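The structure under discussion appears below in the form of structure tokens.
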Number of protein chains: 2
Amino acid sequence: MNDKTNTYSISDLAKEFGITPRSIRHYEDEKLISPERNGSQRIYRKGDRIRLQLILRGKRIGFSLSEIREIISMYDEPSGGEEKQTEFLLRKIEERRDALYQQQQDIKTMLAELDRLEARLTQ
Amino acid sequence: MNDKTNTYSISDLAKEFGITPRSIRHYEDEKLISPERNGSQRIYRKGDRIRLQLILRGKRIGFSLSEIREIISMYDEPSGGEEKQTEFLLRKIEERRDALYQQQQDIKTMLAELDRLEARLTQ
DNA sequence: GTTCCCCTTTACGTTAACGTAAAGGATAAA
DNA sequence: TTTATCCTTTACGTTAACGTAAAGGGGAAC
């Protein structure tokens with residue numbers, strides 16, 4: 001990270017998050033992130049970094065890139081958008097929440113099973 | 001489900017879980033499940049059904065089929081197996097647990113963000 | 001001035017997880 | 001006995017998420 005400008009190169013972020021520059025470029029191809037440019041070089045700011053974090057968190061949870069794009073696009077909506085649009089987003093949020101609740105349940109179940117497995121293995 | 005024999009056909013299970021027979025056959029190709037046969041027909045019993053549930057739960061959490069196979073194989077290990085093998089499994093269990101804890105964190109964070117998003121949208 | 005290192009784009013390759021079509025066997029209903 | 005409805009296997013197709021290689025630009029170090 002460049003301390004003067006508070007910016008990052010693509011490999012700065014790649015190293016920090018343990019991924020490849022190729023992945024980051026791929027996220028850009030998929031419209032998940034759009035850094036500034038200095039000529040042809042990509043320049044990432046704090047906001048881009050946070051966005052990348054959000055992408056990777058979504059991935060860990062198991063969301064696809066297009067699902068993540070959907071979530072990100074909700075962030076980008078203006079606060080008091082169109083009525084229809086707002087309703088649409090609220091429904092999307094509900095959907096996401098339901099999926100996440102289901103996942104929480106699944107994880108709890110799986111953790112309990114791991115406990116039983118471990119107990120069996122250690123007598 | 002056949003009430004006499006307490007067995008299921010492949011499409012019975014497919015319908016119940018909202019997937020296709022093809023998927024179930026694929027899980028069999030990948031050694032995740034291995035039903036009995038009556039001639040060439042697959043016959044699924046309670047145990048197979050539970051196994052399928054486990055597979056689908058793993059999928060919802062975001063595990064790959066080979067990760068799920070790894071988990072399933074832990075179930076199949078005898079209780080008092082070899083020393084080395086047991087240690088290996090215990091480490092695997094720890095890994096899984098860590099990943100699941102991370103996911104729990106990620107989900108909490110994401111849920112909180114959804115709350116803030118919703119609040120913003122509804123003023 | 002050339003070597004090095006990082007960046008770029010273009011483009012074809014790869015893997016996972018199935019989808020889909022083709023061709024045929026078995027059983028039950030009409 | 002034909003028609004329908006399941007089942008089977010084989011095999012090629014598809015999509016997502018990158019990997020990887022090729023070819024080249026730009027600046028710093030020697």
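Since we're looking at a predicted model, the values are computed, not measured. Throughout, protein chains are lettered first and strands after them, A, B, ... in sequence-line order, and every chain is numbered starting at 1.
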Fill in the blank from the handout: First and last nt of DNA chain D near chain B, cut-off under 4.0 Å to heavy atoms, 5' to 3', are D:dC6 to D:dA11
Problem - Any residue of residues 17-29 of chain B with a heavy atom less than 4.0 Å from an atom of DNA chain D - result: B:R22, B:R25
Handout entry: Distance-only donor-acceptor check, side chains A:Q102 and A:D106, under 3.5 Å
Key = yes
Handout entry: Carboxylate-amine/guanidinium contact A:E28 A:R37, below 4.0 Å
Key = yes
Exercise for the section: Could you tell me whether B:R42 and B:E36 make a salt bridge, using a distance below 4.0 angstrom between a side-chain N and a carboxylate O? Expected result: no
Problem - Backbone of B:T20 reached by a side-chain donor or acceptor of B:R25 within 3.5 Å - result: no
Handout entry: Check: B:S64 side chain, B:E67 main-chain N or O, donor-acceptor pair, under 3.5 Å
Key = yes
Handout entry: Sequence neighbours excluded, every pair satisfying salt bridge (charged side-chain N to carboxylate O under 4.0 Å, His left out) that has a member inside residues 108-117 of chain B
Key = A:R57-B:E113, A:R97-B:D115
Fill in the blank from the handout: Residues passing the side chain to side chain contact (heavy atoms under 4.5 Å, CB included) test with A:T5, sequence neighbours excluded, are A:N2, A:T7
Exercise for the section: List in chain and number order the residues that pass side chain to side chain contact (heavy atoms under 4.5 Å, CB included) with A:F88, two or more places apart in sequence or in another chain; answer none if no residue qualifies. Expected result: A:Q85, A:R91, A:K92
Practice task
With side chain to side chain contact (heavy atoms under 4.5 Å, CB included) as the test, would you mind laying out the steps for A:Y27 and A:R51 before giving the verdict?
Solution key: CA-CA 11 Å; A:Y27 301 150; A:R51 214 162 166 116; over 6 Å; no
Practice task
Over all heavy atoms of both residues, which pair between A:D48 and A:I43 is shortest? Give the atoms and the distance, please.
Solution key: OD2-O, 3.9 Å
Completion exercise
Contact check, residues 32-68 of chain A vs DNA chain C, heavy-atom distance under 4.0 Å, returns A:R37, A:S40, A:Q41, A:R42
